[in-house]
There are 2 protein chains.
Amino acid sequence: MSRKYIENPNACTLVHTMNIIGNKWKPILIYLLSNGKLRFGKLLLFTPGISKKVLTTQLRELEDDGLIIREKFNETPPRVEYSLSEKGLALLPILRELSRWAENMYPEIAFEECRIASGIDLKVGKFNKE
Amino acid sequence: MSRKYIENPNACTLVHTMNIIGNKWKPILIYLLSNGKLRFGKLLLFTPGISKKVLTTQLRELEDDGLIIREKFNETPPRVEYSLSEKGLALLPILRELSRWAENMYPEIAFEECRIASGIDLKVGKFNKE
DNA sequence: AATAGTAGTAACCCCAAAGTAACCTATATG
DNA sequence: CATATAGGTTACTTTGGGGTTACTACTATT
């Protein structure tokens with residue numbers, strides 16, 4: 001009986017990739033960090049709808065997978081800064097292509113609104129009060 | 001008070017993309033179809049671990065999102081062929097990049113084994129018996 | 001002594017997605 | 001008359017990702 005093999009050499013790596021970034025929050029977090037370092041509180045603020053707990057687990061997983069770097073400063077109150085690692089940075093152009101794909105293929109969707117929805121005040125905490 | 005806006009114009013389209021392909025099975029199915037048309041039974045066979053029910057829902061969703069085309073022939077027993085649409089084809093190069101990213105960034109993972117694991121006999125049904 | 005501020009944990013719950021198994025349709029075949 | 005075949009559907013159960021709320025540590029400020 002002749003044996004043929006499926007020609008999907010990339011499927012498994014793809015599955016791995018999806019395990020790493022293919023969920024509700026991680027692509028957003030990676031994109032937020034594409035502009036530079038962000039503290040936990042900012043990430044929480046700029047990711048509407050996410051909870052502290054979930055943000056923590058997502059960041060931990062991204063760190064475990066080597067996509068982001070976590071810097072902890074021994075201060076009080078604590079300060080933790082997150083930034084993209086080399087792996088994370090290498091992913092950015094591909095994510096941009098995926099975005100362009102969606103924009104081109106689904107022109108009927110009002111992505112412009114989403115864009116506006118992510119416009120959140122960068123100044124928080126004490127700066128907010130005045 | 002000065003207002004700054006987050007520069008993540010692509011995050012939303014990215015979320016949309018992840019809603020479409022960022023789950024357990026869909027990237028695999030897209031890659032299986034990258035070689036051409038496949039019938040339901042073949043897809044079931046070439047996607048180890050998936051159930052009929054889940055395969056059906058995944059295919060329906062891919063069809064609803066316009067990534068694949070479903071052709072039904074009025075025969076008995078029935079025959080249904082699935083293939084990639086233009087949208088799906090346009091996605092392929094990006095998926096390949098994602099795969100390459102994973103291969104380059106995680107050289108320690110034995111993706112070769114996954115490749116072998118997907119080598120399933122293409123001949124099924126009656127052809128199997130001899 | 002109470003409060004604010006950051007970055008979390010711990011305990012608990014919920015629901016949609018996924019999994020399982022049986023059943024269905026129409027024909028042809030033994 | 002029973003069985004096989006392809007491509008499903010239906011009903012039911014399970015799982016785990018995500019969500020909510022409360023709590024913590026440590027210090028400076030009021």
Side-chain angles (χ1 to χ4, degrees), chain A residues 15 18-29 32-33 37-65 68-83 121-130, chain B residues 15 18-29 32-33 37-65 68-83 121-130:
Chain A
V15 172
M18 286 306 161
N19 284 334
I20 292 177
I21 60 156
N23 79 346
K24 185 173 178 180
W25 300 113
K26 285 175 184 170
I28 301 176
L29 295 175
L32 285 176
L33 290 174
K37 291 185 181 184
L38 279 178
R39 297 174 62 173
F40 183 87
K42 303 276 184 185
L43 286 169
L44 190 65
L45 190 67
F46 301 154
T47 314
I50 204 171
S51 67
K52 273 185 178 184
K53 193 200 88 173
V54 174
L55 177 57
T56 302
T57 62
Q58 300 300 304
L59 290 171
R60 288 287 178 283
E61 290 177 11
L62 286 172
E63 197 194 356
D64 291 345
D65 290 325
I68 64 172
I69 295 161
R70 181 176 181 271
E71 276 181 287
K72 182 172 186 172
F73 300 87
N74 274 329
E75 301 175 3
T76 302
R79 180 159 64 102
V80 178
E81 287 181 352
Y82 292 93
S83 56
D121 190 3
L122 268 171
K123 308 225 173 199
V124 283
K126 290 193 173 173
F127 302 100
N128 249 351
K129 292 182 180 167
E130 30 189 319
Chain B
V15 172
M18 287 305 161
N19 284 334
I20 292 176
I21 60 157
N23 78 347
K24 186 173 178 179
W25 300 112
K26 285 176 185 171
I28 301 176
L29 296 175
L32 285 177
L33 291 174
K37 292 185 182 187
L38 278 178
R39 296 176 62 171
F40 184 87
K42 303 277 185 184
L43 286 169
L44 191 65
L45 190 68
F46 300 156
T47 313
I50 204 170
S51 67
K52 271 185 178 185
K53 194 200 87 172
V54 174
L55 178 57
T56 303
T57 63
Q58 300 300 306
L59 290 172
R60 289 289 180 282
E61 289 176 13
L62 286 172
E63 196 194 356
D64 289 346
D65 290 326
I68 65 172
I69 295 161
R70 180 176 182 272
E71 277 181 286
K72 181 172 186 173
F73 300 86
N74 274 330
E75 302 175 0
T76 301
R79 179 161 62 103
V80 177
E81 288 181 350
Y82 292 93
S83 55
D121 190 3
L122 267 171
K123 309 226 174 199
V124 283
K126 290 193 172 173
F127 301 100
N128 249 351
K129 291 182 180 169
E130 30 189 319

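Each chain gets a letter, A, B and so on, in the order the sequences are listed, and its residues count up from 1. Just so it is clear, the values below take in all heavy atoms, side chains as well, and ignore hydrogens, waters and symmetry mates.
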Practice item. Mind checking salt bridge (Lys or Arg N to Asp or Glu O under 4.0 Å) for B:R79 and listing every partner two or more places apart, or none if nothing turns up? Key: B:E75, B:E81

Exercise for review: Mind checking side chain to side chain donor-acceptor pair (under 3.5 Å) for A:E71 and listing every partner two or more places apart, or none if nothing turns up?
Suggested key: A:K37

Review point. Does A:L55 reach the side chain of A:L29, with side-chain heavy atoms less than 4.5 Å apart?
Key: yes

Check your understanding: For B:L59 and C:dA17, what is the distance between atoms CG and P respectively, to the nearest whole Å?
Key -> 16 Å

Check your understanding: Shortest non-hydrogen contact from B:Y82 to B:L43?
Key -> CD1-CD1, 3.8 Å

Check your understanding: Over how many whole Å does the gap from B:E71 atom CD to D:dA6 atom P extend?
Key -> 19 Å

Point to revise | Residues in side chain to side chain donor-acceptor pair (under 3.5 Å) contact with A:N19, at least two apart in sequence or another chain | key: none

Check your understanding: Rounded to whole angstroms, how far apart are CG on B:L55 and C1' on D:dA6?
Key -> 13 Å

Study note, to complete from the structure: DNA chain C nearest-nucleotide lookup for A:T76 and A:F40: closer to the 5′ end is A:T76

Review point. Reading nucleotides 17-25 of chain D 5' to 3', which nucleotides get B (base under 4.0 Å from a protein heavy atom), which S (sugar-phosphate only), which -?
Key: -BBB-----

Point to revise | B:Q58 and B:N23, any side-chain heavy atoms less than 4.5 Å apart | key: yes

Check your understanding: Given atom CG of B:N74 and atom C1' of D:dG7, what is their separation to the nearest angstrom?
Key -> 13 Å

**Study point:** Contact under 4.0 Å: A:R70 side-chain N or O vs C:dA7 OP1/OP2
**Key:** no

Practice item. May I ask you to test the B:L32-B:K42 pair for a side-chain heavy-atom distance under 4.5 Å? Key: no

Review point. When the distance from CD of B:E75 to P of D:dG8 is rounded to whole Å, what number comes out?
Key: 13 Å

**Study point:** side-chain contact (heavy atoms from CB on, under 4.5 Å) partners of A:K52, counting only residues at least two apart
**Key:** A:F40, A:L44

Revision key, fill the gap. Quick note, A:Y82 side chain, CB onward, closest among D:dG8, C:dG8, D:dG7 is C:dG8

Check your understanding: So what is the end-to-end bend of the helix from C:dA1-D:dT30 to C:dG30-D:dC1, with 5 pairs used at each end and the value given to 10 degrees?
Key -> 30°

Check your understanding: Side-chain N or O of B:R39 less than 4.0 angstrom from OP1 or OP2 on D:dA6?
Key -> no

Practice item. Give a yes/no on whether any side-chain N or O of A:R60 is located under 4.0 angstrom from OP1 or OP2 of C:dG8. Key: yes

Check your understanding: Do A:L62 and A:K26 touch side chain to side chain, with heavy atoms closer than 4.5 Å?
Key -> yes

